[in-house]
Amino acid sequence: MITLNGIGASPGTAEGALFCYHRQEYAGPPRPVGSPDQELERFRAALRQADAQLRQLFRDTVSDADESVAQVFEIHRMMLEDQDYLEKVERLITQSGKGVEAAVEEAARIFSETFLAMDSAYMQARSADVLDVSTRLLHILRGEEEKPLTLPFPVILAADDLRPSETVQLDKKKLIAIVTAEGSRNSHTAILAKTMGIPAVVQLGDVVTPEMDGKHAAVDGSAGTLWVEPTDAICQLVREKTMDLEERRQQLLQYKGRPSVTRDGVSVRLLANVGSLEDCEAAVENDAEGVGLFRTEFQYLSASTCPGEEELFRMYRSALEKLGGRTVVFRTLDIGADKSAPYFGLPEEENPAMGMRAVRLCLTRRELLRTQLRALYRASAFGKMQIMIPMIASVWEMQEVRKTAQSVKRELAAEGAACADSVPLGAMIETPAAAILSGELAKEADFFSIGTNDLTQYTLAADRQNGDIHLFYDARHPAVLRLIRMTAENAAKAGIPVCVCGDLAADLTMTDFFLSLGVDSLSVPPSMVLPLRERVRLMTVGGGLPAQEKGEGDA
Ligand code: PEP
Ligand code: MG
């Protein structure tokens, strides 16, 4: 038996034969380079053909898979319309005298390296998409027929890496699991594997060799492990885990459509944290009672230029429509620190987490905020919306945002645009200052939402990005819990609702604490909604303090 460890990218376990896939690289003769006009014409023709292929693939996939899986082809089509990408290829042809194939290869390399160098793991993962769509162009230019990857029978597919379009086109009935030498946890392949419910392990390195083809193997997508020729004991363990997981999944389904109420009658709303339209679908699928945190910055992060009002409006309207009448809390742009895009042109900072981020950027570049608020208020006519502001540290920041919001609403009314009558405006409590001032802030905010991730980082002066200090980054630290309590008490005094939307909300050992504080809602990743509802329905809200808060002074 060989045990190989990588990174778990999609949970679940599986057992079956390994199918090692090696993509054929182009080995044909180089083509003579024509004049720049001829090369440009070939480029445009290839773009048209790629666009038609991607539209067809979208239609085919959407009819036999769910829409979020097919979306990858839409994203690729958008990439082919990206002005920066097109200009890069055209310049390489006209100014550097390259043939179109070489120009596409070079542009693909530059763009994929740019994505890989970005801070956000999500953006890094887009590198695979730009390579994928460029490969499509190259196939067309070289007249190669693109053969979909066909699987002989149900297998564990092993590859160096899979292009997202390859993953989407795989016959799911013949796919037990995916293991790759490269790839990342945030790649589209990983996202698609999760959506399809197929276990996946990435970054195994160059260890799956062609000699392993056809060998029996087992995969644990949570632990990130692949066993080749596993022992009987490992097979038994994997089978037991598979059965447990399936049993657990089935068991949780009983909580769909049931109220989130404790045995002693305390209700709490269980909402979902989302960052995309796919996540909104997952929220509905997992029976979330609404969206408690829509991280709107992801739309900005995945664009190569700053999205305009129309694009934002379309996204917000679709999200509200997908949630079908359930409330969606949109958080305004939280750019800065670990989340940045080159077009913002943010200067390098010594301490980005304490710098020009979130509401600070929006108040400094007021047009950013105005555009986003215009899109949000216009979309508010299509569902139940709330808006919340990240990184509030002072009362005046909330007052300034409200002034801008009012001016935007007046402007839209003068234009005759339809907007909802009331869109509550809330403050995120994720700095110690906001928690300490929550009594005053409650007069300016229609609701609070506690962001425990940043609240922990700023309270404990412990960088949330730095894995080396994870021992010191403790969201259950008594100081953090005391700030949460203070916020909940001030919200109750002022009669405004309070939600917890940071990662701590999904910690089932903390549900008792949050409910005893009287929080109105908990917002968690979609997959945590049903486990949390189970926890709530089986508990009684006990009196007394949870152990963590009592442990004041303990590390
Ligand atoms: C938080 O800080 O807890 C939060 C929910 O916001 P984010 O994780 O997006 O910073
Ligand atoms: Mg935050």
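Below, each value reflects all heavy atoms present in this structure, side chains not excepted, and no hydrogens, waters or symmetry copies. Counting convention: from 1, in listed order, for ligands and their atoms alike.
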Relative to ligand 1, is Asn273 under 4.0 angstrom through side chain, backbone, both or neither, heavy atoms considered?
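The answer is neither.
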At under 4.0 Å between heavy atoms, is it the side chain or the backbone of Met391 that contacts ligand 1, or both, or neither?
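Within the 4.0 Å criterion, Met391 makes no contact with ligand 1.
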Does [X] pair with [Y] as a salt bridge, N-O distance under 4.0 Å?
X      : Y      : value
Arg357 : Glu297 : no
Arg269 : Glu289 : no
Asp507 : Arg476 : yes
Lys256 : Glu285 : yes
Glu489 : Lys493 : no

Assess whether atom OH of Tyr343 is packed by more than 12 heavy atoms of other residues, nucleotides or ligands within 6.0 Å.
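Correct, the count exceeds 12.
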If you compare all heavy atoms of Asn453 against all heavy atoms of Asp503, which two are closest, and at what distance to 0.1 Å?
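Heavy atoms of Asn453 and Asp503 come nearest at OD1-N, 2.8 Å.
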Write down the atom of Ile387, the atom of Phe447, and the distance for their closest heavy-atom approach.
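Answer, listing the atom of Ile387 first, then Phe447: O-CZ, 3.4 Å.
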Considering only heavy atoms of [X], which atoms of ligand 1 have at least one such atom less than 4.0 Å away?
X      : result
Glu430 : 1 (C), 2 (O), 4 (C), 6 (O)
Leu293 : 5 (C)
Cys501 : 5 (C)
Gly502 : 3 (O), 5 (C)

Can you report which non-hydrogen protein atom sits closest to atom 3 (O) of ligand 1, along with the distance?
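Its nearest protein heavy-atom neighbour is Asn453 N, 2.7 Å.
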Just to confirm my output: which protein heavy-atom neighbour is closest to atom 8 (O) of ligand 1, and how far is it?
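Its nearest protein heavy-atom neighbour is Arg464 NH2, 2.7 Å.
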Is there a heavy atom in Arg331 that sits closer than 4.0 Å to ligand 1?
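Yes, Arg331 has a heavy atom closer than 4.0 Å to ligand 1.
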Atom of Asp454 closest to the Mg ion (ligand 2), considering N, O or S atoms
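Output for this pair reads OD2.
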So that I can check it, does any N, O or S atom in Glu430 come closer than 2.8 Å to the Mg ion (ligand 2)?
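Yes, Glu430 qualifies, because one of its backbone or side-chain N, O or S atoms lies under 2.8 Å.
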Taking Asp520 for the side chain and Cys499 for the main chain, is one N or O donor matched with an acceptor at less than 3.5 Å?
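The answer is no, because no donor-acceptor pair under 3.5 Å joins these two groups.
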Which is closest to atom 2 (O) of ligand 1 by heavy-atom distance: Val500, Asp503, Asp454?
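Checking each option, the heavy atom nearest atom 2 (O) of ligand 1 is found in Asp454.
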For ligand 1, which is the ligand I care about here, please tell me if Glu297 has any N or O atom under 3.5 Å from one of the ligand's N or O atoms.
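There is no such contact.
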